[in-house]
Every structure is written in structure tokens, then in C-alpha cells.
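All of these numbers come straight from a predicted model, not from anything done at the bench. Residue numbers run from 1 in the order of the sequence given. Whatever order the structure lists ligands and atoms in, that order sets their numbers, starting from 1.
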Amino acid sequence: MIEIKNLSKVYSTSGKDVVALKDINLTISDGEIYGIMGLSGAGKSSLIRCINMLEKPTSGSILINGVEMTKLKPKELRNMRKKIGMIFQHFNLLMNSTVYENIAFPLKISKVSDSVIKKRVDELLDVVDLKDKKYAYPSQLSGGQKQRVGIARALANNPDIILSDEATSALDPTTTESILNLLKNINKQYGITIVVITHEMSVIRNLCDKVAVLEDGRIIEEGNVIDIFSNPSTETSKRFLKDMIAELPPDILLDDENPNEEILRLSFFDSSSNQPVISHMIKNFDVEVNIISGNIERVQNSQIGNLLIKISGEENSIKDAIKFLENNGLRIEVLKNGIV
Ligand SMILES: Nc1ncnc2c1ncn2[C@@H]1O[C@H](COP(=O)(O)OP(=O)(O)OP(=O)(O)O)[C@@H](O)[C@H]1O
């Protein structure tokens, strides 16, 4: 378990202070895949680098499996770090060493015997599906293959946690998908906790169980990916999710004075997206519905839908229809002032 309490990080460079993290509180349970999302400069790298003490926090506490990281002596920290693998956007491989030597490197540092290293590297090459590249050099590998080497290296010491710093940002979408699938399998098979920082919404959507949204060094929103994706409460989250949220086209004119017309944004997920709720509403209530725009997205194993509709009818019929939608699990936002 990772417990971050009241963590702050201030960089002091040439007499100037830059506050990168302010009073961060976060708990990441064992076996979770936890995403940290934010725009450039939000503090993501600082946060992930504080977890393994590559950056020393200015104040606050970081407990990993109950061990206070900020108080460790150098030798104790080196031992703890063996249990925390890290993968990087630009892979950070030793360019003059083979795939085998790159993966063996952390084991050598841990003074593991040559025969055990040999066996372990072969196992890891199997896990990341790179057996045929054992003696290749990084320059002979594709970006995806380089990241697989990075993942095998991170797994070498049987870590409890993997920290992923924008691991797929330099990869094309197909390669990204295969790396995310590999991370998912590793999480499932070995129960390793994975902390992912990314500015890519698709990585959070396809990989993570939970997400924290960082802005200006603070966590502004946190929770299950499904909950945040289906109901983002901050502008930053909405901006990340803008492709999923149906927006009102500018040419749809609203008549604020007309109580017989409302524009609604309906959000729904899972079972409610499979039900013919809208057609039941039209049948049961004396209202007319025009669909303005909408989409349905798959988030892990759930569906999240978003629909903009114009609904017209008598004031009471509209009210009843909206109640009906809410009772059927849809979330409703009225986009124009009216009767709700
Ligand atoms: N070593 C450093 N010295 C001084 N300021 C730093 C240092 N590292 C980061 N910062 C500053 O701290 C803030 C947070 O940076 P950080 O790299 O953690 O953000 P980020 O969300 O990872 O951004 P990006 O996605 O662009 O990598 C920024 O204002 C950045 O300029």
C-alpha cells in the first residue's frame, strides 16, 4: 500500500521557489492500477518521483507497505527501491548493452548470482515476449520492444510496485495498446500495484482502476475511473474528457422564455445504456424528443454514454419525463434555464 500524506514539494533554483506539489493526500491499495492525470506542469513527474524518493519531498510523509520513505538511510532506501520498479517515456536503456545485459543490470546491482540471473532474465524475456531479441542492442529494437525491455528490467527484482512515467507517450496507438495490455497482464498475474502518470486520457480509460487529477500541484479530483469519466466535476477533467462529453452546437438557439422546451444532457453507463429508456419515455409521456448529438464510449468493461436532446411538451409532462429518466439511472443536466 502507498500512503501519501500532506506531501509538498518546492524546488528552489537560483533563489526562486517553484511549488510543484501542495498538500497531496493519496492512498493506493495493493494490486491497484492507479492513474495520475494532469496537464503539463501539473506536478505529475514530481509526484511519482517523490514516491521512490528520486525527488526528496519538502514536507509530508510517504509510507510504502508501512515504511516511511522520507526517513530511510541510504542503504535502507536502496533496499526499498528494489521493490519499486520504474519505467520511463524514453526507456532509459543502456545503449551499449544487449537486451540480456539491460534486464540483468538491476540483478547484478543486487548481487544476484550469475546462474540465477540467467534463469530470471530468460523468464522475463518470456513475460515480455522478447526471447528472440536476447542479444540485440537497443538501437536494433522498435520503440515498443525497447519499452518491453524497460518493463522486464523493472520486473527483475520482483517488485511490489511499478511506477510508469509516461511510458507510452512516445509510442504509436497500436504499440501503446500492446504495452497497456502487457501492464494489465502483469498486474493481474503478479498482483503488482502500478502507478501510471500520463497526460493521455486513453491510457487512464484503458488501463486504470482509479485516477487522481492534478492541477497546479494539487489533487482536484480523485476516484474510480468509471465514476470520474461518467461524471467529471472539475473543468480540467471535463477538458480531458471533452471528446466524450456531448457539447451544445453553437447553432442551436435557446429560447429562455419558452417553458415548453428544454435542452438536456443525459449521461448514462452500463445497464442504462442497454435499455430503450428514451423510447419508453416518449411512449409514456406526452413529450417530443430531438436528438442533437451523442456518443457511447467503452471504459474498460463498462459503457459510458452521453446524449444531448431537445425535449418539448407541457411543463408538467417534461418534469415527469425527466423524473422517469432519473429513476432509470440516467444523470440529467439542464442546459438552459427552465423548470427543473
Ligand atoms: N528540478 C526542477 N527544478 C525546478 N523546478 C522544477 C523541477 N522539476 C519540475 N519543476 C517545476 O515543477 C512544476 C511541476 O513539474 P512536473 O515536471 O512535476 O510536472 P508534470 O505534470 O510532470 O509536467 P510534464 O507533463 O510537462 O512533464 C513545474 O512548474 C516545473 O517547472
Side-chain angles (χ1 to χ4, degrees), residues 2-28 33-62 64 69-70 77 81 84-93 143 146-147 150 154 161-173 175-176 179-180 183 193-208 210-223 225 228-229 232-243:
I2 305 172
E3 294 163 279
I4 299 174
K5 294 178 188 164
N6 308 113
L7 173 72
S8 294
K9 173 72 191 173
V10 181
Y11 295 101
S12 295
T13 35
S14 47
K16 263 193 160 179
D17 281 355
V18 178
V19 181
L21 298 171
K22 298 170 203 161
D23 201 23
I24 300 285
N25 289 285
L26 200 62
T27 300
I28 301 174
I33 309 186
Y34 203 105
I36 295 165
M37 189 166 83
L39 298 170
S40 181
K44 306 182 295 294
S45 296
S46 301
L47 178 54
I48 207 165
R49 290 166 67 84
C50 280
I51 293 177
N52 60 0
M53 302 296 287
L54 284 179
E55 289 292 351
K56 200 171 169 1
T58 307
S59 59
S61 148
I62 297 172
I64 295 187
M69 296 293 284
T70 59
L77 182 58
R81 279 204 186 123
I84 311 171
M86 189 155 186
I87 52 177
F88 304 88
Q89 178 174 5
H90 297 298
F91 324 119
N92 293 14
L93 301 181
K146 283 182 201 157
Q147 195 55 287
I161 297 166
I162 287 186
L163 305 177
S164 166
D165 187 349
E166 299 277 8
T168 55
S169 298
L171 305 175
D172 65 62
T175 313
T176 292
I179 293 294
L180 296 184
L183 290 174
T193 308
I194 302 182
V195 185
V196 176
I197 68 165
T198 184
H199 62 274
E200 295 173 298
M201 202 263 298
S202 59
V203 170
I204 303 287
R205 180 181 60 196
N206 293 323
L207 183 63
C208 299
K210 287 196 171 170
V211 62
V213 183
L214 265 189
E215 186 174 270
D216 289 337
R218 286 185 195 281
I219 293 178
I220 55 165
E221 195 161 5
E222 198 231 331
V225 170
I228 296 208
F229 275 46
S233 68
T234 60
E235 280 313 309
T236 302
S237 307
K238 284 180 188 163
R239 202 146 96 203
F240 273 112
L241 299 170
K242 71 177 179 340
D243 293 339

Nearest candidate to atom 17 (O) of ligand 1, where distance is taken over non-hydrogen atoms, out of Gly41, Ser14, Ser45: Ser45
Element-labelled atoms of ligand 1 that are located less than 4.0 Å from some non-hydrogen atom of Gly43: 14 (C), 16 (P), 18 (O), 19 (O), 20 (P), 21 (O)
Numbered atoms and elements of ligand 1 in range of Leu39, under 4.0 angstrom, heavy atoms: 21 (O)
So do Leu183 and Val196 actually touch side chain to side chain, heavy atoms under 4.5 Å? no
Show the atoms of ligand 1 that are less than 4.0 angstrom away from any heavy atom in Val18. 11 (C), 12 (O), 29 (O)
Determine, counting only non-hydrogen atoms of the protein, whether one lies under 4.0 angstrom from atom 30 (C) of ligand 1. no
Distance-only polar pair, side chains of Glu55 and Ser46, donor-acceptor under 3.5 Å: no
Does any part of the side chain of Leu47, heavy atoms only, come nearer than 4.5 Å to the side chain of Leu7, both counted from C-beta? yes
Could you list which atoms of ligand 1 come closer than 4.0 Å to a heavy atom of Ala20? 12 (O), 13 (C), 14 (C)
By salt bridge (Lys or Arg N to Asp or Glu O under 4.0 Å) - contacts of Arg81 (at least two apart): none
Could you establish whether Gly38 and ligand 1 come within less than 4.0 Å of each other, counting only heavy atoms on the residue side? no
Side-chain heavy-atom pair Met86, Asp165 within 4.5 angstrom cut-off: yes
Please list, chain by chain and in numerical order, all residues satisfying side-chain contact (heavy atoms from CB on, under 4.5 Å) with Asn206, sequence neighbours excluded. Leu180, Ser202
